[in-house]
Visitor: 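One structure, pasted below without further comment.
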Number of protein chains: 2
Amino acid sequence: MNTSLAKRPRGRPKKTEEQRDDGNRRQALICAAAQLFKLKGYDATTTREIAAQIGMQPGSPFYHFENKQDLLLAVMVDGMKRAIADQHTLLKALLTQSPKANASIKLRILIRHHFEVLLGPQSDFIPVMLYESRALNSVQRLSINKLKDSYEAAWIPVLQELCHCNKLKAPVGISRLMIFGALNWSVQWYEAPLIKNKNRVKSHHASLDELTEAALVLFL
Amino acid sequence: MNTSLAKRPRGRPKKTEEQRDDGNRRQALICAAAQLFKLKGYDATTTREIAAQIGMQPGSPFYHFENKQDLLLAVMVDGMKRAIADQHTLLKALLTQSPKANASIKLRILIRHHFEVLLGPQSDFIPVMLYESRALNSVQRLSINKLKDSYEAAWIPVLQELCHCNKLKAPVGISRLMIFGALNWSVQWYEAPLIKNKNRVKSHHASLDELTEAALVLFL
DNA sequence: CCTACCGATCGGTAGG
DNA sequence: CCTACCGATCGGTAGG
């Protein structure tokens, strides 16, 4: 990102610069891939396009990734790790500020963050994971399923608590599936509020906050 | 289907047989395409595979369809027309049997039928429409959007009525989107109850009736 | 990371 | 609808 700033780090400059550059190119590949995979789908996206998007030559992505599938996996793993970390941070912050926060408030945090991850700026990674997992092989699928479980783990106790006090009317298991469906599907119809729509089919321009409140009143 | 039975129809046998055969092969193509498109996705499915699945030669699908995209469109149009017709039939039958049926009962019919179309036997067409529309060109997309609107049109008055009597707590527009999301997402996790699962990731084995009731208690 | 390249596949066509 | 085929593309590699 800010390679122009902080030009001369103190210690062992050469190796550090090399490593950082490698990391940057690798990260640039992952970001370009995420963007194109979301826009056109995994199969319809060419490794050449991804390379071109960051000024690389057609064969160069394979210096960083063994094959196209591995690049797809990297997009998903990167996105999920960040999403899980952010989710944890938000919940911890809530428990610090208001230790007695009830389950409804926790659910609001979870839903709001989920919309952020799906629809916010730089939100290409998770939609790719949601809609392109079929392209992974079975070993890769296992590893992202672990991350998915870890992400969903934070939701279970919240939904259970809501179920116990009768705010959530359906059983936890099926409620979780339906709620995630309602949220994940927003990728298909949501249009970011600030971007002028160019005759697109997508329709809704509510803010992520408004979406969150609508989801809460619908489910609880 | 049953070409071996009913061998000799009475009138103008030659032309009728030719027409029916053409229609059958075309329909067979559409069905095979729907199945494979749902299983592997549009881009990952080869026109050769589709042909092979019904014993055709690699080039023969292009006798029936100008190109692969047109075959995809045919899958979607076929599925939607059938879904719309069935939906109408069900609602008309309800109004005949119990003319004063309230909105909750109508919504149950709509949701139950939607699950049928998504998850029931021979339910490949609509999932393909939901998840592969990106592969269409803009003209094709317009024509299936019309069908989508026609399908959703039956839901609007029902949701409005539920909104007026305070059974639906969020506004109609956003509720519709979230409800469709919750339902459509079931394609991702639902495993048909009767089929033994072979180490799949998918998890839920409830019947479509149980799913319908769960959705109703969650939303209303 | 670039240059130059290959093998395979795939949508689609001509001609019957 | 089959036979035989083509042009283009694409993932991936060797060698530097």
Side-chain angles (χ1 to χ4, degrees), chain A residues 3 14-37 39-75 128 132 134-137 139-140, chain B residues 1 3 14-34 36-37 39-75 128 132 134-137 139-140:
Chain A
T3 41
K14 254 189 180 168
K15 202 176 182 185
T16 304
E17 270 187 10
E18 272 174 28
Q19 283 178 347
R20 196 180 54 205
D21 262 44
D22 271 19
N24 275 344
R25 297 314 281 163
R26 193 189 141 95
Q27 266 307 312
L29 265 176
I30 293 177
C31 288
Q35 194 181 319
L36 288 168
F37 288 161
L39 192 67
K40 312 180 44 174
Y42 173 76
D43 287 307
T45 300
T46 295
T47 55
R48 286 164 157 79
E49 292 177 86
I50 299 166
Q53 176 128 328
I54 59 169
M56 266 186 183
Q57 293 302 315
S60 301
F62 299 99
Y63 169 75
H64 296 278
F65 296 93
E66 275 208 2
N67 51 47
K68 195 184 172 188
Q69 259 185 338
D70 281 358
L71 177 52
L72 174 62
L73 179 65
V75 169
V128 168
E132 303 292 342
R134 183 170 41 191
L136 297 175
N137 65 43
V139 178
Q140 295 173 319
Chain B
M1 298 299 180
T3 41
K14 253 186 180 171
K15 202 177 181 184
T16 304
E17 271 188 10
E18 271 175 29
Q19 282 178 349
R20 197 180 54 205
D21 263 45
D22 270 22
N24 276 343
R25 298 312 283 162
R26 193 188 142 93
Q27 267 304 313
L29 265 176
I30 293 176
C31 288
L36 288 168
F37 287 162
L39 192 66
K40 313 178 46 175
Y42 172 77
D43 287 308
T45 299
T46 295
T47 56
R48 285 164 157 80
E49 291 177 86
I50 298 167
Q53 175 128 326
I54 59 169
M56 266 186 182
Q57 293 301 316
S60 300
F62 299 98
Y63 169 75
H64 296 278
F65 295 93
E66 273 209 2
N67 50 48
K68 194 184 172 188
Q69 258 185 339
D70 281 357
L71 177 51
L72 174 63
L73 179 65
V75 169
V128 167
E132 303 292 341
R134 182 169 41 192
L136 298 175
N137 64 44
V139 178
Q140 296 173 318

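Below, chains carry the letters A, B, ... as their sequence lines are ordered, and counting in each starts from 1.
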Visitor: Just the rounded figure in Å: distance from C1' of D:dT13 to CD of A:Glu66.
Guide: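 Spelled out: CD on A:Glu66 to C1' on D:dT13 is 12 Å.
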Visitor: Taking the side chain as everything from C-beta on, heavy atoms only, tell me whether A:Leu73 gets closer than 4.5 Å to A:Phe65.
Guide: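 Side-chain contact under 4.5 Å: no.
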Visitor: Once you round to the nearest 0.5 Å, how far does CD1 of A:Ile30 lie from CD of A:Gln27?
Guide: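 Spacing of CD1 (A:Ile30) from CD (A:Gln27) equals 4.5 Å.
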Visitor: Between C1' on C:dC1 and CZ on A:Phe65, what's the gap in Å once rounded to a whole number?
Guide: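 The distance from CZ of A:Phe65 to C1' of C:dC1 comes to 14 Å, rounded to the nearest Å.
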Visitor: Taking only the side-chain heavy atoms of B:Tyr63 (C-beta and beyond), determine which of C:dG11, C:dC1, D:dC1 contains the nearest atom.
Guide: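 Closest nucleotide among those given: D:dC1.
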Visitor: Is the closest side-chain heavy-atom distance between A:Gln140 and A:Leu72 below 4.5 Å?
Guide: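 No. Closest side-chain heavy atoms not under 4.5 Å.
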Visitor: Quick one: A:Ile50 CD1 to C:dC1 P, roughly how many Å, whole number?
Guide: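 Taking atom P of C:dC1 as the reference, CD1 of A:Ile50 is at 14 Å.
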Visitor: Keeping A:Tyr42 on the side-chain end and A:Gln69 on the backbone end, is there a donor-acceptor pair under 3.5 Å?
Guide: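 Confirmed, A:Tyr42 side chain pairs with A:Gln69 backbone.
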Visitor: Compare the minimum distances between each of C:dC1, D:dT13, C:dG12 and the side chain of A:Ser60, then state the nucleotide with the smallest one.
Guide: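 Nearest to the side-chain atoms of A:Ser60, counting from C-beta on, is C:dC1.
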Visitor: By side chain to side chain contact (heavy atoms under 4.5 Å, CB included), which residues pair with A:Gln35, not counting sequence neighbours?
Guide: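 Side chain to side chain contact (heavy atoms under 4.5 Å, CB included) check on A:Gln35 returns A:Gln53, A:Asp124.
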Visitor: By the 4.0 Å heavy-atom rule, please label A:Thr46 as base, sugar-phosphate, or nothing.
Guide: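 A:Thr46: backbone/sugar contact only, no base atoms under 4.0 Å.
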Visitor: By nearest atom, which of the nucleotides C:dC1, D:dC1, D:dT3 is closest to the B:Gln57 side chain?
Guide: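 Ranking C:dC1, D:dC1, D:dT3 by closest atom to the B:Gln57 side chain puts D:dT3 first.
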Visitor: Counting heavy atoms from C-beta on, name the nucleotide in C:dG12, D:dC10, D:dC1 closest to the side chain of B:Arg25.
Guide: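 So the side chain of B:Arg25 is nearest to D:dC1.
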Visitor: Just the rounded figure in Å: distance from P of C:dA8 to CD of B:Glu49.
Guide: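 Atom CD in B:Glu49 sits about 18 Å away from atom P in C:dA8.
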Visitor: Output, in order, the C-alpha distance, side-chain angles, deciding distance and verdict of side-chain contact (heavy atoms from CB on, under 4.5 Å) for B:Ile50 and B:Lys68.
Guide: CA-CA 10 Å; B:Ile50 298 167; B:Lys68 194 184 172 188; 5.6 Å; no
Visitor: To the nearest Å, give me how far apart NZ (A:Lys68) and C1' (D:dT13) are.
Guide: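 Atom-to-atom, A:Lys68 to D:dT13, this comes out as 17 Å.
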Visitor: With distance as the sole test, does A:Arg25 use its side chain to make a donor-acceptor pair with the main-chain N or O of A:Ile54 at under 3.5 Å?
Guide: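 Indeed, once roles are kept as given, a pair shorter than 3.5 Å links the two residues.
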Visitor: Return the value, rounded to whole Å, for the distance between atom CG of A:Asp43 and atom P of C:dT9.
Guide: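 My rounded result for the distance is 16 Å.
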Visitor: Using Watson-Crick and G-U wobble pairs with both distances under 3.5 Å, what is the 5'-to-3' dot-bracket string of DNA chain C, with [ ] for crossing pairs and | for pairs outside the strand?
Guide: ||||||||||||||||
Visitor: Just the rounded figure in Å: distance from P of C:dC6 to CZ of A:Phe62.
Guide: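 Taking CZ of A:Phe62 and P of C:dC6, I get 17 Å after rounding.
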Visitor: Could you state the CZ-P distance from A:Arg48 to C:dC1, rounded to the nearest angstrom?
Guide: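 These atoms are roughly 18 Å apart.
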